[in-house]
Every structure is written in C-alpha cells, then in structure tokens.
Amino acid sequence: MKLKKELENTGPEKKECLQCKRYLPDDYEDELCPRCQDINLFAEVRDYIRANDVREMDVAKHFNIPLNKVRSWIREGRIVYKTSDGKTISGVYCHVCGKKIEFGNICADCRKMQQLQVVAKQYGENKQAGEMHFIGRLEEPQEE
C-alpha cells in the first residue's frame with residue numbers, strides 16, 4: 001500500500017521524444033530529439049532530391065542547412081544523385097586514386113583492392129613464420 005502511494009507521487013511524467021520515446025531534458029523545447037530531427041530532415045532532403053533536378057547548393061538553400069552537411073551525406077553514400085546525362089553533380093573524388101565518384105570516399109576499384117589487402121593480411125597472420133603449407137593436404141606429415 002505504501003509503495004503504491006509513492007509511485008503515484010513521483011511528480012510529473014518525464015518528457016519523451018514523440019518518435020523514439022527517449023527521455024528528453026525537462027528544459028528541452030522541441031518534441032523530437034536531435035537524432036529523430038536529423039533522421040526526418042534527411043528523409044525530406046532525399047525525397048526532395050528524387051522529385052527535383054537539383055544541385056547541392058539548391059538543397060542547402062531550400063532546407064536552410066549548411067552545404068557541408070549535404071556534402072557529408074554524399075560522401076557517406078546516403079545521397080546519390082546525377083544530372084540527366086548521367087554525370088555526377090557533386091565534386092566528390094576518390095581519396096586514393098582521385099577518380100570522380102558519385103558517393104563515398106573511395107571508388108569501387110580502390111575499395112576492392114583494400115578488401116583484398118585485408119584478406120591477405122588476415123591470411124598472413126594465420127600462418128606461422130617458417131612453416132610450410134601445402135594446398136590440398138589435409139593431414140600433418142608423419143615423422144619416422
């Protein structure tokens with residue numbers, strides 16, 4: 001009985017984000033947390049780009065957001081858009097070879113090479129130094 005009264009007198013309910021239900025600080029004025037606001041903004045930007053033939057600058061002006069935020073979404077690969085002739089409209093280049101790319105930080109060829117290097121390194125770490133390996137041999141050689 002005493003516990004029930006204590007639960008009833010806990011005071012006002014905590015403020016929650018309407019979308020994800022995370023608790024918000026009492027002095028927070030918006031109804032959505034910053035993460036949900038960013039998710040919703042990105043969805044609006046994506047839909048706007050799909051519906052219109054626009055450039056990065058147009059998107060930044062339309063939504064009143066920094067141009068580098070739009071460019072970071074392009075670099076992350078979250079936004080990909082092209083002109084009607086199929087060329088990319090952003091100035092994004094591969095960080096390894098310098099080739100112009102549509103999104104991300106590196107082109108598909110350099111990404112493939114990096115993946116091969118990771119596999120080769122993992123394979124090399126698994127081998128012990130000075131140990132000879134044979135392809136197709138399942139059992140260890142017998143010493144006489």
(request) State the CG-NZ distance between Asp26 and Lys14, to the nearest 0.5 angstrom. (result) 6.0 Å
(request) Output the distance between atom CG (Leu41) and atom CG (Leu32), rounded to the nearest 0.5 Å. (result) 12.0 Å
(message) A side-chain contact here means heavy atoms from C-beta on lying under 4.5 Å apart; do Tyr28 and Cys17 qualify?
(response) no
(message) Given 3.5 Å as the limit, does a donor-acceptor pair link the side chain of Lys99 with the main chain of Cys107, or not?
(response) no
(request) Of all the heavy-atom pairs spanning Asp30 and Gln37, show the shortest one and how long it is. (result) OD2-NE2, 3.0 Å
(request) Taking all non-hydrogen atoms of both residues into account, name the closest pair between Val96 and Gln114 and its distance. (result) CG2-NE2, 4.2 Å
(request) Tell me whether Phe42 is reachable from Val54 by hopping between hydrophobic residues (I, L, V, M, F, W, Y) whose side-chain heavy atoms are closer than 4.5 Å. (result) yes
(request) To the nearest 0.5 angstrom, please state how far the CG atom of Asp109 sits from the SG atom of Cys94. (result) 8.5 Å
(request) Look at the side-chain heavy atoms of Ile, Leu, Val, Met, Phe, Trp and Tyr, link any pair under 4.5 Å apart, and say whether Phe63 and Ile39 land in one connected group. (result) no
(message) I need the Leu24 CG to Glu29 CD distance, nearest 0.5 Å.
(response) 12.0 Å
(message) Is it the case that atom CD in Glu31 sees more than 12 heavy atoms from other parts of the structure closer than 6.0 Å?
(response) no
(message) If I take atom NZ from residue Lys21 and atom SG from residue Cys36, how far apart are they, to the nearest 0.5 angstrom?
(response) 10.0 Å
(message) Quick check for you: to the nearest 0.5 Å, what is the distance between Cys20 atom SG and Arg22 atom CZ?
(response) 4.5 Å
(message) Does Trp73 form a side chain to side chain contact (heavy atoms under 4.5 Å, CB included) with Val59? I'd like the steps, not just the answer.
(response) CA-CA 12 Å; Trp73 286 338; Val59 172; 5.9 Å; no
(request) With the side chain counted from C-beta on, respond yes when His62 and Asn52 share a heavy-atom pair under 4.5 Å apart, and no when they do not. (result) no
(message) Tell me whether Asp47 contacts the main-chain N or O of Glu44 through its side chain, where contact means a donor paired with an acceptor under 3.5 Å.
(response) no
(message) Are Val70 and Val45 packed together at the side-chain level, in the sense that at least one heavy-atom pair is separated by less than 4.5 angstrom?
(response) no
(message) Under the rule for salt bridge (Lys or Arg N to Asp or Glu O under 4.0 Å), what residues qualify as partners of Lys61, not counting sequence neighbours?
(response) none
